[in-house]
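Written below as structure tokens is the structure these notes are about.
Treat the numbers as computed from the prediction; the structure is a model and nothing was measured.
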Amino acid sequence: MSVPPLRRLRQVPRHLLVCEKGHARHARSRHAAHVQEHAYNCRVSFLIPECGILPEVLKNTIADVGEYYLVRNLSVHELVAHEFIDAFVKKGSCYALTYNTKIDQDNTAALLPNGKLILSVDKDTYEELGLQGRPSQYSGKKVMRYIITIDLTDSGFHPDSKKHNRVLWALKEKKPLEFDFLLAWYNTGAEGSTLMSYFSKNQIQALKPKITFNTLRDLQCPVLQSNELQGKPDESCSTEELFEWLGAVLNQVSLDNKSSSFLSTYCCPQPNTIVEKAFLCTITGFIIPEKIIQLLEQLCCYFGEPKLAYWLTLTVHGFADSPVSWRESEHGFHKGGENLYNFVIFRNLDYWLQMAVGTNDDCPP
């Protein structure tokens with residue numbers, strides 16, 4: 001039975017939360033792999049209860065998050081040039097994402113670290129380009145958006161191949177696409193060109209992530225048990241309750257549930273405890289997975305010496321208008337563009353990994 005249009009508008013959009021449990025030092029733990037597979041990250045936050053001063057090693061890790069670049073008016077065909085592929089795609093992990101584009105309205109592009117160039121384009125652009133693609137799975141009955149994937153590392157994509165020449169001709173002459181791009185490159189000691197020197201003829205700007213520190217005082221925190229994902233009545237809170245509470249804390253929502261508040265009646269789930277102070281750090285920018293993995297490792301090492309905290313959290317938000325979320329899974333905006341994950345790391349190095357997406361997105365891996 002079809003749902004009337006007005007009723008559909010009133011329906012709450014679907015949100016999906018997937019949670020898994022593991023141990024950070026287990027040989028088969030996939031916590032680092034899940035981080036690596038989420039390429040485009042705009043905000044990273046970690047919260048440490050019972051912490052007033054951040055250890056020096058964590059400060060150094062935050063300072064080493066690294067810079068990224070904003071390149072104005074960059075033609076997409078420059079990303080498929082073999083000079084670029086040889087200098088960056090084949091010599092490390094190269095990330096590129098269109099800046100200030102809306103995934104549900106504009107043409108967008110993204111270069112993944114595995115060398116896949118993803119184009120999300122409207123119907124007219126798709127037909128003009130003449131490149132093979134597939135309909136967006138969020139188009140509805142009338143297809144208005146297409147996804148084109150170009151593997152820059154394919155053995156058949158060499159300079160003299162028909163495949164390369166056709167893609168280059170389509171993007172350079174038939175239907176030139178030009179965007180502002182965010183770019184980052186991670187390599188393990190390989191020498192050669194840098195993004196700044198390579199794009200010196202373009203309008204390129206080096207940027208550093210914005211870092212803020214806050215000390216939260218007298219914070220109500222839920223009681224958690226690492227082996228109880230669903231929680232236990234009067235003993236511990238569930239993973240869903242923790243996720244909702246953390247969203248309130250990171251967005252500075254009051255937990256008092258006062259009748260005089262017109263903004264929020266939310267309160268901390270039961271059972272809970274009050275911690276005298278908690279340390280909150282937020283990093284905002286174009287943050288690549290390799291740096292998040294380094295931060296996650298140092299947060300695990302935080303419990304190497306006795307600490308008052310029983311657990312801490314690391315929360316990572318993806319770009320709302322990225323063409324993909326995890327791996328090459330298509331991502332859409334719908335009403336919010338949510339794609340994020342959160343680690344709860346316990347003193348014994350057990351962890352919960354929570355992965356959340358909105359309506360127009362595949363289930364997280």
### Task
For residues Asn360 and Phe333, determine if any side-chain heavy atom of one lies less than 4.5 Å from a side-chain heavy atom of the other.
no
### Query
With under 30° as parallel and over 60° as perpendicular, where do the rings of Phe286 and Tyr40 fit, or are they tilted in between?
parallel
### Message
When you compare the side chain of Glu240 with that of Gln230, does any pair of heavy atoms fall below 4.5 Å?
### Response
yes
### Message
As a test of understanding, state which of Leu295, Leu296, Leu353 forms a side-chain contact (heavy atoms from CB on, under 4.5 Å) with Val35.
### Response
Leu296
### Message
Quick check: do Glu78 and Glu83 have side-chain heavy atoms less than 4.5 Å from each other?
### Response
no
### Query
Taking atom types as modelled and ignoring hydrogens, do the side chains of Glu67 and Tyr69 form a donor-acceptor contact shorter than 3.5 angstrom?
yes
### Task
For Pro55, enumerate each residue passing the side chain to side chain contact (heavy atoms under 4.5 Å, CB included) test, keeping only those at least two apart in sequence or located in another chain.
Val57, Leu58, Tyr302
### Presence of salt bridge, Lys90 and Asp86, under 4.0 angstrom
yes
### Summary
So side chain to side chain donor-acceptor pair (under 3.5 Å) across residues 134-154, not counting sequence neighbours, yields Ser120-Arg145, Arg134-Glu330, Ser136-Glu330, Gln137-Asp362, Asp151-Thr153, Asp154-Lys163
### Message
So Glu228 and Ser238, do their side chains get closer than 4.5 Å, heavy atoms only?
### Response
no
### Task
Please answer whether the main-chain N or O of Val357 pairs with a side-chain N or O of Asp361 as donor and acceptor at a distance below 3.5 Å.
no
### Query
Can you tell me if Thr194 and Ser197 form a side-chain donor-acceptor pair at under 3.5 Å?
yes
### Any Leu117 side-chain heavy atom under 4.5 Å of Val76 side chain
yes
### Query
Any donor and acceptor pair, going by atom type alone, linking the side chain of Asn107 with main-chain N or O of Thr125 inside 3.5 Å?
no
### Query
Phe213 and Leu312: same hydrophobic cluster, using ILVMFWY side-chain contacts below 4.5 Å?
yes
### Query
Is it true that a side-chain atom of Asn114 and a backbone atom of Lys116 form a donor plus acceptor pair closer than 3.5 Å?
yes
### Query
Tyr341 and ring-ring contact (aromatic ring centres under 6.0 Å, His included): which partner among His34, His31, His38?
His38
### Task
Kindly say whether Asp234 contributes a backbone atom to a donor-acceptor pair with the side chain of Gln270 at under 3.5 angstrom?
no
### Task
Evaluate the side-chain proximity of Tyr68 to Leu183: yes if any heavy-atom separation is below 4.5 Å, no if none is.
no
### Task
In plain terms, say whether Arg166 and Glu173 are close enough for a salt bridge, that is, a side-chain N and a carboxylate O under 4.0 Å apart.
no
#### Entry: Side-chain donor/acceptor of Trp352 to backbone N/O of Ser226, under 3.5 Å
yes
### Task
Take Ser45 and Thr282 through the side chain to side chain donor-acceptor pair (under 3.5 Å) test and state the conclusion after the steps.
CA-CA 4 Å; Ser45 302; Thr282 300; 3.3 Å; yes
### Side chain Ser236, main chain Lys232, donor-acceptor under 3.5 Å
yes
### Query
Sub-3.5 Å donor-acceptor pair from the side chain of His164 to the main-chain atoms of Val80, do we have one?
yes
#### Entry: Atom pair CG/CG of Leu70 and Asn202 - distance to nearest 0.5 Å
11.0 Å
### Task
Could you check if a side-chain atom of Gln298 sits within less than 4.5 angstrom of a side-chain atom of Phe46, using non-hydrogen atoms only?
no
### Query
What pairs with Phe199 under ring-ring contact (aromatic ring centres under 6.0 Å, His included), at least two apart in sequence or on another chain?
Phe84
### Message
For Phe179, is there any backbone N or O sitting under 3.5 Å from a side-chain donor or acceptor partner on Tyr99?
### Response
no
### Query
Side chains of Thr61 and Leu299: closer than 4.5 Å at any heavy-atom pair?
no
#### Entry: Check: Ser322 side chain, Phe319 main-chain N or O, donor-acceptor pair, under 3.5 Å
no
### Query
Any donor and acceptor pair, going by atom type alone, linking the side chain of Arg347 with main-chain N or O of Leu308 inside 3.5 Å?
yes
### Task
Tell me whether Tyr95 is reachable from Leu111 by hopping between hydrophobic residues (I, L, V, M, F, W, Y) whose side-chain heavy atoms are closer than 4.5 Å.
no
